[in-house]
Amino acid sequence: METTTATGFSESHLHGPEDPPDSGPAYTEPYPTWSYEDTIAHELAHHWFGDLVTCRSLASIWLNESFATFSHTLWNGHAHGEDDLTYQRWRYLNKYLDYVQSTGMVRPMEYFKYRSPDDMYQTETTYLKGSLVLHMLRHFIGDADFFRTFEGYLHRNEYGNVDSADLKEAFQTQIGRNLSWFFDDWITEGGGHPVFQVSYAWVPERRQVDLTVQQVQADLPFENDFSLPVDVEILGPSGSSVHKVELKGWSTRASLPADTRPRAVVFDKGNWLICEIKFERSADETVYLLEKADLAARLRAARQLAEDYPRRPETVRTLARVLGDARNHWGLRQEAAMDLGRAGGAEAGKALVLASTDPDRRVRRAVAIALGFVADGESAAALRKLIETDRAEDVAAAAEISLGRMRGEGAKDFLLRQLSRDSRYWSSIRLGALLGLTYLKDPSLVPAFRSYTDSRWEADLRSAALDGWLAAAPEDPELARRLRELARDRNRQGRLDAIEKLGSLHLSADVKFLSDLAEADPDPDISEKARAAAEEIQSFPKK
């Protein structure tokens, strides 16, 4: 059964812009959220939107930030091709779904109840989901109407203030259709996303595919049933056909023409919907999609093979072929590497080791992460080689993290030696080593972690060192003392990080310190973080 849910391969640290060739920050995912080009394009679009049209209140901040993110994804598609944009949307979708699954946090795009200013800039919602909402609207109404409406909206509101109602009015006036169903579900009222359970049967008597779609998300005020059009593709022996199905209510049934038994059926062709999809299909059909369909369907098929059929030999062989074929899009090859890590086993490990020398550094980075989930001697040796010889420092750093995750013999001493290595950019090697050492949870590493909380190190290194210290010795009284010091540090992000970690220690003695900080600090984000940390401690009753 196919499901686009949390990947399980992400780390909490994402650092810096995309790296220059053969150098770079220690991305601890198989791919960065934004490339350097994305960052520049986002900032240019942000300033353009902010200067030309800006939100009437901070409740509508998505009109600035989501549009800026949407614009830099369009630039990516223009500069690198539609497949790159398809893959970027896939990455954004999964990061958003991972966030919701891990936190349970959902809210509308236009929102009035932030507890602190920083909350409105929550990446996975304001930036990533917001851009996907706009891509979904663009798909529903078509590029010509979308961009013509958008141009008119900007000129009509030039140097003025707007909210979501102004955007809705612009689109409804231009295209002559009521869009309340969209704006209510995705922007002003709804805060979640649909979860679709999909199945089909081919009925030769009628020469039709009977499609059944059920929405199985929770029935809540902010996440009830969604009304949406969806493209369904039927792939047959002589070609494919695409049909639009209107989803209404909790269950939708549709009969679609199919003269012969389909080789495969694709729900949401192009991956335009912000949703989770659980599709009941066979392993053979999934393999067919991975080998024959477009990029969007292949990305889903690779995930489904690893999650639903991890023990089938054909799963590993197919994913290995995809990974090893340089003609495939680099994003699909990254996903194949990660999916081999999900599948696990000796054969998956061999395929990953073979790909660890791939010419494409983006593929090697994914391989380095995936090898951490295939704990055997060959994988460990390949990771050590990447750390010692790979010129791309983000690849080496990803390998350091995986080596720590494996917790193999000699990993501690090997990673400690990496702390003495300088990086060409962003302290990648040290950061990867600290993150790898964190997995060991070894109290003997406290002196190493403590030394990197000093102010002479970059904020990212200090945060990683605190994570390591917290994992190795959470009851160390010196850790609590250091966190109190850092709660008044000059670095703002460091202060927020220290306050949150101090709250996680649950020390009653820190309630007054945090409460006093919440009352006295003029920064509303610092104040709210300290208040929340104090509340967390107080939520546990004393004996």
Cationic N near anionic O, under 4.0 Å, D339 to R342:
yes
What distance separates L461 CG from L466 CG, expressed to the nearest 0.5 Å?
11.0 Å
With rounding to the nearest 0.5 Å, note down the distance linking CG in D489 to CD in E485.
9.5 Å
Intermediate values then yes/no, side-chain contact (heavy atoms from CB on, under 4.5 Å), M406 and Y439:
CA-CA 8 Å; M406 291 172 64; Y439 279 103; over 6 Å; no
For the residue pair H193 and Y96, is the inter-centroid distance of their aromatic rings smaller than 6.0 Å?
yes
Walk me through it: do S164 and E110 pass the test side-chain hydrogen bond (donor to acceptor under 3.5 Å, both in side chains)?
CA-CA 7 Å; S164 300; E110 186 162 274; 2.6 Å; yes
Over all atoms of both residues, closest heavy-atom pair of A473 and L479:
O-CD2, 3.8 Å
When you check the gap from the basic side-chain N to the acidic O, do R417 and D413 get nearer than 4.0 Å?
no
In terms of ring plane angle, is the pair W457 and Y452 parallel, tilted or perpendicular, where the classes change at 30° and 60°?
tilted
Are D390 and K385 within salt-bridge range, i.e. N to O under 4.0 Å?
no
So does R495 pair up with D521, basic N to acidic O under 4.0 Å?
yes
So among R364, R424, R361, which one has a salt bridge (charged side-chain N to carboxylate O under 4.0 Å, His left out) with D394?
R361
Distance-only polar pair, side chains of D467 and T438, donor-acceptor under 3.5 Å
no
For T123 and K95, test the side chains for any donor-to-acceptor distance below 3.5 angstrom and give the result as yes or no.
no
Indicate the atoms forming the closest heavy-atom contact of G503 with I537, along with that distance.
O-CG1, 3.6 Å
CD (E475) with more than 12 external heavy atoms under 6.0 Å:
no
Ring center gap for W330 and Y87 short of 6.0 angstrom
yes
Using every non-hydrogen atom in the two residues, find where L505 and P474 come nearest and quote the distance to one decimal.
CD2-O, 3.4 Å
In terms of side-chain geometry, is the basic nitrogen of D525 or R492 positioned less than 4.0 Å from the acidic oxygen of its partner?
yes
Does the T69 side chain pair with the main chain of L128, one donor and one acceptor, at a distance under 3.5 Å?
no
Closest non-hydrogen contact found for I387 with A399 is CG1-CB, 3.6 Å
Identify the heavy atoms of T453 and R450 that sit nearest to each other, and give their distance.
OG1-O, 2.8 Å
